[in-house]
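Report on one structure; see the data block that follows.
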Amino acid sequence: MRVLHFSLSYRSASALGGPDLTVYKLCTALSKRGVKVDVICTNLASKTSVLQAETFERTVDGVHVTYLATRKLIPLGRNSFGLYYLPELRSLLRSVAGRYDVMHFHGYRDYISVIGAEQAAAAGVPYVLHPRGTIPYQGHSVAAKTVFDRTVGRRMIRNAAALIALSDREVESYLDLGADPAKIHVVHNGMESKDYDPAASGVAFRTRHGIAEQIIILYFGRVHAIKGIDHMLRAVARLRRTGLDVAAVVVGPDEGYGATLTQIAREEQFEHLYLIPTVSGPQAKQEVFGATDVLVYAAAVEDFGVSAFEGILSGVPTIVSAGTGCGEIVASLDAGTLVHYGDVDELEQALTQILAAPQSARAYTLAARARVIAALDWDQVVAQVQRLYERICASSPHEAPLAMRQPTGFPPNG
């Protein structure tokens with residue numbers, strides 16, 4: 001079986017969000033299980049920079065990846081990703097699409113998924129749509145998203161062989177767009193428990209950034225308006241005024257919201273906000289979580305929330321938003337505290353309760369860690385995806401044309 005995956009980035013641009021790592025983990029594991037996996041992605045390193053000026057290829061842990069030259073067009077609003085295109089994508093897919101049994105799109109409202117779906121249909125190749133939490137309208141560019149759904153998105157969803165949802169909340173998003181319920185499959189992201197050590201020390205992280213406060217309340221992820229970081233900051237400022245020696249530490253790429261957080265800290269007369277750029281790699285993350293007393297990941301919209309589960313696997317008491325996919329999963333595993341998005345009073349109370357009994361809160365989290373590992377084990381997740389591919393191939397067999405032009409450098413057919 002040969003599967004072609006499409007992603008915005010592939011182990012190359014952690015600043016672009018969680019899929020950079022989770023898609024890599026999925027493809028690597030599928031390859032080890034005998035699936036022939038190739039990947040096409042952009043050559044972006046961030047929203048504003050590229051890895052190299054032009055297209056290049058590399059093999060990453062046994063998976064062949066083509067990083068296509070990407071051209072940015074215009075932004076759609078403040079801090080939005082904006083429009084981009086890959087000049088070589090359509091011609092490349094015309095040459096190679098027919099040799100694949102399945103195509104798998106890790107995105108929805110993006111050029112690489114739209115052109116990929118178009119060319120999959122042209123070649124008669126079934127495809128899987130895996131939006132990874134990008135369907136909801138909250139945030140920026142609501143008008144543009146609405147137009148996309150009406151003109152392109154519903155057709156992409158209707159023509160897909162299968163639709164992967166990260167949570168029951170994302171199932172609802174699909175249904176709102178007219179998806180066939182029979183095509184929807186809930187597959188959580190996998191988590192690699194060995195990457196997170198509850199015994200890790202946070203001394204190096206504290207020293208590196210000069211954090212002397214006794215208590216660290218952490219947000220870890222994209223610094224964006226929909227993530228609820230402002231509510232965390234206000235709640236922590238209140239705790240400081242009660243006499244707790246507490247800091248608000250925000251770690252992640254700033255998508256234009258850092259200045260707002262700095263202004264809120266001024267309004268609250270709170271001088272204990274730390275804005276720290278992205279850290280990546282297991283060791284660096286372990287140091288961050290090792291220094292943390294409570295993780296707050298209470299976003300407006302979050303269909304999975306990798307950061308929340310990273311915190312739990314690291315033994316850090318974690319607070320997430322009710323009414324989100326992340327909250328749904330955390331609640332089902334009895335793994336954290338849920339609050340309503342935007343309710344600063346409730347968030348302050350939750351933090352107060354955790355900090356009043358820190359040993360009890362940590363023991364609860366460590367007990368939940370085993371449940372998270374069992375539910376989000378990568379072997380289980382990958383097996384689900386492979387079985388889905390097999391069902392798709394059995395119901396819609398596809399044979400590549402006998403004559404297929406071989407583009408330079410692309411993996412040979414077979």
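Below, each value reflects all heavy atoms present in this structure, side chains not excepted, and no hydrogens, waters or symmetry copies.
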Indicate the atoms forming the closest heavy-atom contact of A117 with Y127, along with that distance. CB-CZ, 3.9 Å
Measuring only between side-chain heavy atoms, which start at C-beta, is I115 closer than 4.5 Å to E118? yes
Test log, rule side-chain contact (heavy atoms from CB on, under 4.5 Å), inputs V223 and L261: CA-CA 9 Å; V223 182; L261 295 176; 3.9 Å; yes
For H209, which residues count as a ring pair (Phe, Tyr, Trp, His ring centres under 6.0 Å) partner, sequence neighbours excluded? F205
Here the gap from Y174 atom OH to I184 atom CD1, rounded to the nearest 0.5 Å, amounts to 7.5 Å
I need the M103 CE to Q119 CD distance, nearest 0.5 Å. 8.0 Å
Using the side chain to side chain donor-acceptor pair (under 3.5 Å) rule, collect all pairs that involve residues 295-313, keeping only residues at least two apart or in two chains. Y196-E310, K227-Y297, K227-E302, K285-E310, Y297-E302
With a 3.5 Å distance limit and no angle check, can you tell me whether T337 reaches the backbone of I319 through a side-chain donor-acceptor pair? no
If we ignore hydrogens and angles and just use 3.5 Å, is the side chain of N43 paired with the main-chain N or O of L51 as donor and acceptor? no
Could you report the tightest heavy-atom contact between T134 and R109, atom names first, then the distance? O-NH1, 2.7 Å
Tightest non-hydrogen contact, residues G336 and V330, listed as N-CG1, 3.4 Å
Sub-4.5 Å side-chain heavy-atom contact between F270 and I264: no
Answer yes or no: is there a side-chain heavy-atom contact under 4.5 Å between D149 and Y108? yes
I'd like to know if the side chain of K36 reaches the main chain of Y100, judged simply by a donor and an acceptor atom lying under 3.5 Å from each other, with no hydrogens or angles considered. no
Going by the angle between their ring planes, with limits at 30° and 60°, are Y85 and Y111 parallel, tilted or perpendicular? perpendicular
What's the separation between atom CZ in R94 and atom CG in L89, rounded to the nearest 0.5 Å? 10.0 Å
Does the pair E328/R169 count as a salt bridge with the N-to-O cut at 4.0 Å? no
Atom CG in L347, atom NE2 in H231: separation rounded to 0.5 Å? 9.0 Å
Quick one: does any side-chain atom of S9 pair with a main-chain N or O of S12 as donor and acceptor, under 3.5 Å? no
Determine, stepwise, if the pair V306 / M191 fulfils side-chain contact (heavy atoms from CB on, under 4.5 Å). CA-CA 8 Å; V306 170; M191 296 297 299; 4.2 Å; yes
Within a strict 4.5 Å, meaning less than it, do heavy atoms of the L275 and D254 side chains meet? no
Within the distance-only criterion (no hydrogens, no angle test), does the side chain of D20 pair as donor or acceptor with the backbone N or O of A13 below 3.5 angstrom? yes
Please check if the side chain of T28 supplies one atom and the backbone of K25 the other of a donor-acceptor pair under 3.5 Å. no
When rounded to the nearest 0.5 angstrom, what is the spacing between OG in S167 and CD1 in I329? 5.5 Å
Contact check, side chains of K32 and D61, non-hydrogen atoms, under 4.5 Å: no
With R234, the salt bridge (charged side-chain N to carboxylate O under 4.0 Å, His left out) member among E267, E348, E346: E267
For residues 367-388, which residue pairs qualify under side chain to side chain donor-acceptor pair (under 3.5 Å), counting only residues two or more places apart or in two chains? R33-Q386
Between S31 and C27 (side chain of the first, backbone of the second, donor and acceptor by atom type, cut-off under 3.5 Å), is there such a pair? no
Can you name the nearest heavy-atom pair linking G315 to T365, along with the distance? C-CG2, 3.6 Å
Between V152 and V114, is there a side-chain heavy-atom distance shorter than 4.5 Å? yes
Give the C-alpha distance, both sets of side-chain angles, the deciding distance and a yes or no for side-chain contact (heavy atoms from CB on, under 4.5 Å) between L355 and I217. CA-CA 10 Å; L355 295 175; I217 309 299; 4.3 Å; yes
L351 side chain near V246 side chain, heavy-atom distance below 4.5 Å: no
Which atom of P282 lies closest to which atom of D195, heavy atoms considered: CG-OD1, 4.0 Å
Closest contact, heavy atoms only, V23 versus S7: CG2-OG, 3.9 Å
Aromatic ring pairing H104/Y389, orientation class (parallel under 30°, perpendicular over 60°, tilted between): perpendicular
Quick one: are N189 and R132 in side-chain contact, heavy atoms under 4.5 Å? yes
May I ask you to decide whether R99 forms a salt bridge with D38, counting only side-chain N to carboxylate O separations under 4.0 Å? no
Relative to each other, are the rings of H188 and F304 parallel, tilted or perpendicular (30° and 60° limits)? tilted
Determine, step by step, whether T260 and D230 satisfy the side-chain contact (heavy atoms from CB on, under 4.5 Å) criterion, reporting the C-alpha distance in whole Å, the side-chain angles of both residues, the deciding distance to 0.1 Å, and the verdict. CA-CA 8 Å; T260 299; D230 52 336; 5.8 Å; no
Rounding to 0.5 Å, atoms CD1 (I215) and NE2 (H272) come to a distance of 12.0 Å
Using atom types as modelled and distance alone, determine if a side-chain donor or acceptor of T55 lies under 3.5 Å from a backbone N or O of L68. no
